[in-house]
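Notes for the one structure printed next.
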There are 2 protein chains.
Amino acid sequence: MNKKHIQEKLKYIEDFYTAVNGKWKLSILIVMYNNNKRFKEIQNSIPKITNRVLSKELKDLEVNKLITRTVYDTTPVTIEYEVTEYCMTLKPIIQMMTDWGKNHRETIAGRK
Amino acid sequence: MNKKHIQEKLKYIEDFYTAVNGKWKLSILIVMYNNNKRFKEIQNSIPKITNRVLSKELKDLEVNKLITRTVYDTTPVTIEYEVTEYCMTLKPIIQMMTDWGKNHRETIAGRK
DNA sequence: ATTATCGGTATCCTTTTGTATATCGGTTAC
DNA sequence: GTAACCGATATACAAAAGGATACCGATAAT
């Protein structure tokens, strides 16, 4: 594999990283794959995430076309978030990551 | 899928995240999968990474048993870094990430 | 009247990550 | 003599991410 090829790969991995970087995005997606649509539902499903961070992360995910945000004219207002079809392309990767994480936890025994 | 199952998944994805988080680790691994072993080689293969950050990231990767560090008694001293067999379990995931990133770049056209 | 809902935003602060630059000691090369 | 190698560490700083807390308006519920 030549140098140019690697440089390309580095660009692509950077794009991947940009789309899902940070402490919370993967967790948010995992929860949302399971059909949690409302802000509070998502928040309640993820231990320790603040509304401030969740709000920002959802915005990022929307910009990257991984989720949609639909506003309903109710009282109080209702917002629904949903993973896009495009986001489903990420699901098998995230599943593999999760499996790997499980395995890693066992491999690095004693780590908390 | 029940709540407990999701909470487990969140733990595992956190473990995954802890192992490879940050701007540089994935890039470092990509370069190292391609058999770059020496500190300077790795650094020269990754645009814009500083020696300070590379040093720290390599240390993290070693702690997580993803790479090994071998010291040779030469003058000047020679250090070789190598991906572990264990780290090879990550390779297909990273490959999928890279492919996804390439696709994402095209999907989000116009983004730099 | 107060409290709750809803999905946020505002403000302030702390922590973490990352950048830029210099330096280290024991050699070797020019 | 100076510069280079080697893989770091030191220092100072900037930027980003994340945590903690309070608050918003238009209702509805108690």
Side-chain angles (χ1 to χ4, degrees), chain A residues 10-11 13-32 35-64 67-83 112, chain B residues 10 13-32 35-64 66-83 112:
Chain A
L10 293 186
K11 278 213 182 109
I13 206 67
E14 191 181 337
D15 288 334
F16 177 86
Y17 177 75
T18 300
V20 301
N21 80 328
K23 183 174 177 180
W24 298 108
K25 282 190 182 71
L26 294 174
S27 295
I28 292 167
L29 288 181
I30 285 175
V31 161
M32 285 181 70
N35 207 34
N36 290 273
K37 302 170 186 272
R38 307 285 294 283
F39 189 95
K40 220 41 174 281
E41 271 182 309
I42 299 168
Q43 188 176 1
N44 288 339
S45 298
I46 307 182
K48 293 181 183 176
I49 191 170
T50 66
N51 55 351
R52 189 181 160 291
V53 168
L54 178 58
S55 177
K56 176 187 162 294
E57 298 293 285
L58 287 172
K59 230 174 243 168
D60 288 350
L61 290 171
E62 195 186 356
V63 164
N64 274 294
I67 65 173
T68 55
R69 176 176 175 276
T70 311
V71 183
Y72 295 94
D73 190 6
T74 60
T75 298
V77 69
T78 301
I79 317 273
E80 288 203 342
Y81 293 93
E82 226 163 349
V83 289
K112 306 208 199 212
Chain B
L10 293 187
I13 205 70
E14 192 180 336
D15 288 333
F16 176 87
Y17 176 76
T18 300
V20 301
N21 81 326
K23 183 172 175 180
W24 298 106
K25 282 190 183 69
L26 293 175
S27 296
I28 291 167
L29 288 180
I30 285 175
V31 161
M32 286 181 70
N35 208 33
N36 290 274
K37 300 171 186 270
R38 306 282 296 284
F39 189 95
K40 226 22 176 291
E41 272 182 307
I42 298 168
Q43 188 177 2
N44 289 337
S45 299
I46 307 182
K48 293 182 183 175
I49 191 170
T50 65
N51 54 354
R52 190 181 161 293
V53 167
L54 180 57
S55 176
K56 176 188 164 291
E57 298 293 285
L58 287 172
K59 226 173 246 172
D60 287 352
L61 290 170
E62 195 187 358
V63 163
N64 274 296
L66 296 176
I67 64 172
T68 55
R69 176 178 176 277
T70 312
V71 183
Y72 295 95
D73 192 6
T74 59
T75 298
V77 71
T78 302
I79 318 271
E80 287 204 342
Y81 293 92
E82 223 162 354
V83 291
K112 307 213 197 197

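Small disclaimer: the values here were computed from a predicted structure and weren't measured.
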Round to the nearest Å and state the distance from [X] atom [atom1] to [N] atom [atom2].
{"X": "B:K56", "N": "C:dA20", "atom1": "NZ", "atom2": "P", "value": "17 Å"}
{"X": "A:N44", "N": "C:dC6", "atom1": "CG", "atom2": "P", "value": "10 Å"}
{"X": "A:I28", "N": "D:dA17", "atom1": "CD1", "atom2": "P", "value": "13 Å"}
{"X": "A:E57", "N": "C:dT9", "atom1": "CD", "atom2": "P", "value": "13 Å"}
{"X": "A:Y72", "N": "C:dG7", "atom1": "OH", "atom2": "C1'", "value": "15 Å"}
{"X": "A:K48", "N": "D:dA17", "atom1": "NZ", "atom2": "P", "value": "21 Å"}
{"X": "A:I79", "N": "C:dC6", "atom1": "CD1", "atom2": "P", "value": "12 Å"}
{"X": "B:L26", "N": "C:dT17", "atom1": "CG", "atom2": "C1'", "value": "15 Å"}

Worksheet entry | Set of salt bridge (Lys or Arg N to Asp or Glu O under 4.0 Å) partners for B:K40, sequence neighbours left out |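 B:K40: no salt bridge (Lys or Arg N to Asp or Glu O under 4.0 Å) contacts found.
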Practice prompt. Only counting residues at least two apart or in another chain, list the ones meeting salt bridge (Lys or Arg N to Asp or Glu O under 4.0 Å) with B:E14.
Written response: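 B:E14: no salt bridge (Lys or Arg N to Asp or Glu O under 4.0 Å) contacts found.
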Can you find a side chain N or O atom of [X] that sits less than 4.0 Å from OP1 or OP2 on [N]?
{"X": "B:K59", "N": "D:dT9", "result": "yes"}
{"X": "B:T74", "N": "D:dC6", "result": "no"}
{"X": "B:K23", "N": "C:dT16", "result": "no"}

Worksheet item: Looking at residues at least two apart in the chain, or sitting in another chain, which of them share a side chain to side chain contact (heavy atoms under 4.5 Å, CB included) with A:N36?
Response: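 A:V31, A:N34, A:E41, A:I42, A:S45.
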Fill in: Close side-chain approach of B:N44 to B:R38, heavy-atom, < 4.5 Å
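A side-chain contact under 4.5 Å is absent here.
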Discussion item. Give me each pair satisfying salt bridge (Lys or Arg N to Asp or Glu O under 4.0 Å) with a member in residues 67-83 of chain B, each pair once, sequence neighbours excluded.
Written reply: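 Sorted pair list: B:K37-B:E82.
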Expected list for residues 46-53 of chain A: side-chain donor-acceptor pairs under 3.5 angstrom, two or more places apart:
from: A:T50; atom 1: OG1; to: A:V53; atom 2: N; distance (Å): 3.1

Item to complete: Using the closest heavy atom to pick a nucleotide of DNA chain C for each, name whichever of A:Y17 or A:R69 lands nearer the 5' end.
Response: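 Looking at the nearest nucleotide for each, A:R69 comes out on the 5' side.
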Item to complete: Run the salt-bridge test on A:D15 and A:K11 with the 4.0 Å N-O cut-off and return the result as yes or no.
Response: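 The answer is no: the pair does not qualify as a salt bridge.
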Discussion item. What does the B/S/- profile of nucleotides 21-30 of chain D look like, 5' to 3', with a 4.0 Å heavy-atom cutoff to protein?
Written reply: BB----S---
Worksheet item: If you find the nucleotide of DNA chain D closest to B:S55 and the one closest to A:N21, which residue's nucleotide is nearer the 5' end?
Response: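 On the 5' side of the pair lies B:S55.
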